[in-house]
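Working notes, structure below.
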Amino acid sequence: MEYTTFGRTGLKVSVAGLGCGGFSRLGLGTGKSEADAFGIIRAALDLGVNLFDTAAAYGTEPVLGKALAGTPRDKVVICTKAPFGVSNPDSLPERAVASLNRSLKELQTDYIDVYQLHGIAPGAYDHAVNVLAPALLREREKGKFRWLGVTETAPGDPEHQMTQRAVQDGVWDVVMVAFHMMHQNARRLVFPVTQQHRVGTLLMFAVRNIFSKPDRLRATMRELADDGLVPRDLADNPDPLGFLVHDGGASCIIDAAYRFVRHEPGVDVVLFGTGEETHLKSNIASILKPPLPELFGHLVGVGLDAPHLSRPNRRPATT
């Protein structure tokens, strides 16, 4: 495993972080047992992963707490998030504090390393920074968490409007950002500023259905060709990204997707989720491989499907 400094937090974190949500939720979302999820977490630890990202909405805080109970607390970095309802522009700060206390109990820990507001839409940001953040920072003074973070609503905010504001406010120590092979505008809009202000970055959406489900990829490429955003011959190819897979290149499309994002300047931790130990090992192996050439730099908002959320329209990058 390789490690990096997590922005101004100074934490030494693994470049691969186990995401406990997404479509899989450690396998709990695909019919696996809590014992199976426990095994995924322990296997990640054995492979050197020391950052774990969960949320109240995922329902995986309890199993993560149980799985980490035998590990020295200073050897792991636990990130979790308030419920989505706390992110509403009319939510009460008391609700954010109550959710923090609930997460501490579920995770069986005295403190959380990074506590995040989950999915803040651009229109809810003023409430988050002016009302919720001050209440939470008072709880930080009591030792309940160490660093404050915020996550964007990728499908609803493909231009990173909220994150662009957040990284410059000095309130948030960590931001979670969507960035992948076919949605690259964070390179221009976010990462230069996070590096300037030493804000730690958690990278989400590195691999989504567009890369893991061939039918979804083919359909998306046809739509992009119809919009004039990719060549028609690429869209007509039954394996449109197959050119990435060859000796000396990627071993598969998912391998390419992880390698593409891992080495981007400004990316600290690439989050990945799985309910299968074989996938756990292959995902980490991909994240640790050398980078691949750049491509599709003009695309924005492609493949940002999220659980229970509809996909946005695809469109080229704006200047």
Side-chain angles (χ1 to χ4, degrees), residues 1 3-14 16-21 25-26 28 34-35 37-87 91-118 128 131-151 171-176 198-202 268-269 271 273:
M1 181 55 65
Y3 299 87
T4 190
T5 301
F6 199 24
R8 62 176 177 247
T9 73
L11 297 168
K12 298 298 181 183
V13 293
S14 52
L18 182 61
C20 303
R25 295 192 300 114
L26 299 173
L28 297 178
E34 185 175 288
F38 188 101
I40 291 292
I41 296 165
R42 298 305 305 179
L45 283 168
D46 290 343
L47 291 170
V49 173
N50 76 344
L51 184 142
F52 299 84
D53 179 77
T54 184
Y58 302 161
T60 52
E61 287 180 326
V63 69
L64 181 62
K66 292 176 184 176
L68 297 180
T71 303
R73 184 62 184 84
D74 61 352
K75 299 299 182 184
V76 293
V77 175
I78 299 175
C79 309
T80 193
K81 312 176 194 75
F84 280 117
V86 172
S87 301
S91 62
L92 297 175
E94 292 82 3
R95 186 174 180 186
V97 173
S99 71
L100 169 62
N101 292 333
R102 195 158 46 245
S103 289
L104 287 166
K105 182 178 179 180
E106 297 279 23
L107 289 163
Q108 301 181 33
T109 184
D110 294 331
Y111 68 92
I112 292 162
D113 293 287
V114 181
Y115 193 68
Q116 305 160 92
L117 292 180
H118 199 175
V131 178
L132 302 180
L136 288 171
L137 290 172
R138 288 191 290 271
E139 299 304 303
R140 184 172 71 174
E141 294 174 0
K142 302 174 186 177
K144 294 181 181 181
F145 69 96
R146 301 175 68 188
W147 307 99
L148 188 61
V150 65
T151 82
V171 174
W172 317 98
D173 307 295
V174 174
V175 293
M176 186 179 292
R198 299 177 60 235
V199 174
T201 57
L202 293 169
D268 291 329
V269 180
L271 295 173

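Across Val174, Ile78, Leu104, Leu136, a single residue satisfies side-chain contact (heavy atoms from CB on, under 4.5 Å) together with Tyr115, and that is Leu136.
In this structure, CG on Leu47 lies 10.5 Å from OG on Ser14, to the nearest 0.5 angstrom. One finds the CH2 atom of Trp147 at 8.0 Å from the CZ atom of Arg8 (value rounded to the nearest 0.5 Å). With rounding to the nearest 0.5 Å, the separation of CG in Asn50 from CG in Leu45 is 8.5 Å. With rounding to the nearest 0.5 Å, the separation of OG1 in Thr60 from CD1 in Ile40 is 13.0 Å.
Nearest heavy atom pair, residue Ala133 against residue Trp172, reads CB-CH2, 3.9 Å. Here the shortest heavy-atom pairing between Pro62 and Gly59 reads CD-O, 3.9 Å. Smallest separation of non-hydrogen atoms from Val63 and Ala37: CG2-CB, 4.0 Å. Summarising the geometry of Leu117 relative to Ala82, their closest heavy-atom pair is CD2-CB, 4.2 Å, with the distance given to 0.1 Å. Residues Ala135 and Val97 share a closest heavy-atom pair of O-CG2, 4.2 Å. Across every non-hydrogen atom of Gly200 and Asp268, the tightest pair is CA-OD2, 3.2 Å.
Considering only heavy atoms from C-beta on, Lys144 comes within 4.5 Å of Asn101 through its side chain. A heavy-atom distance below 4.5 Å is found between the side chains of Leu18 and Leu26. Val175 has its side chain out of reach of Thr151: every pair of non-hydrogen atoms, C-beta onward, lies at least 4.5 Å apart. The shortest distance between side-chain heavy atoms of Arg102 and Pro83 falls below 4.5 Å. Counting heavy atoms from C-beta outward, Phe145 and Asp113 have side chains that stay 4.5 Å or more apart. Side-chain atoms of Ile112 and Cys79, non-hydrogen and from C-beta on, never get closer than 4.5 Å to each other. Using a 4.5 Å heavy-atom cutoff, the side chains of Val86 and His118 are not in contact. Side-chain contact between Phe6 and Asp173: absent, with no pair of heavy atoms (C-beta onward) separated by less than 4.5 Å.
Asp110 CG: 12 or fewer foreign heavy atoms inside a 6.0 Å radius.
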* **Val269/Thr201 under side-chain contact (heavy atoms from CB on, under 4.5 Å): CA gap, chis, key distance, verdict** => CA-CA 6 Å; Val269 180; Thr201 57; over 6 Å; no
* To do: Could you walk me through whether Leu68 and Gln108 pass side-chain contact (heavy atoms from CB on, under 4.5 Å), step by step?
  => CA-CA 9 Å; Leu68 297 180; Gln108 301 181 33; over 6 Å; no
* **side-chain hydrogen bond (donor to acceptor under 3.5 Å, both in side chains) between Arg42 and Thr71, intermediate numbers included** => CA-CA 10 Å; Arg42 298 305 305 179; Thr71 303; 3.1 Å; yes
* Take Arg138 and Glu141 through the salt bridge (Lys or Arg N to Asp or Glu O under 4.0 Å) test and state the conclusion after the steps. => CA-CA 5 Å; Arg138 288 191 290 271; Glu141 294 174 0; over 6 Å; no
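Of the possible donor and acceptor atoms, none in the side chain of Thr5 sits under 3.5 Å from a partner among the backbone N and O of Gly7. The backbone N or O of Ser99 lies less than 3.5 Å from a partner atom in the side chain of Ser103, making a donor-acceptor pair. At distances below 3.5 Å, not a single donor-acceptor pair connects side-chain atoms of Arg95 with backbone N or O atoms of Ala98.
Counting only N and O atoms by type, the side chains of Asp53 and Gln116 include a donor and acceptor under 3.5 Å apart. Between the side chains of Thr4 and Lys12, no donor-acceptor pair of N or O atoms lies under 3.5 Å. At a cut-off of 3.5 Å, with distance as the only test, no side-chain donor of Thr54 or Arg25 sits close to an acceptor on the other residue. In this structure, a donor-acceptor pair under 3.5 Å is absent between the side chains of Arg146 and Thr9. In the model, Glu61 has a side-chain atom that pairs as donor or acceptor with a side-chain atom of Thr80 under 3.5 Å.
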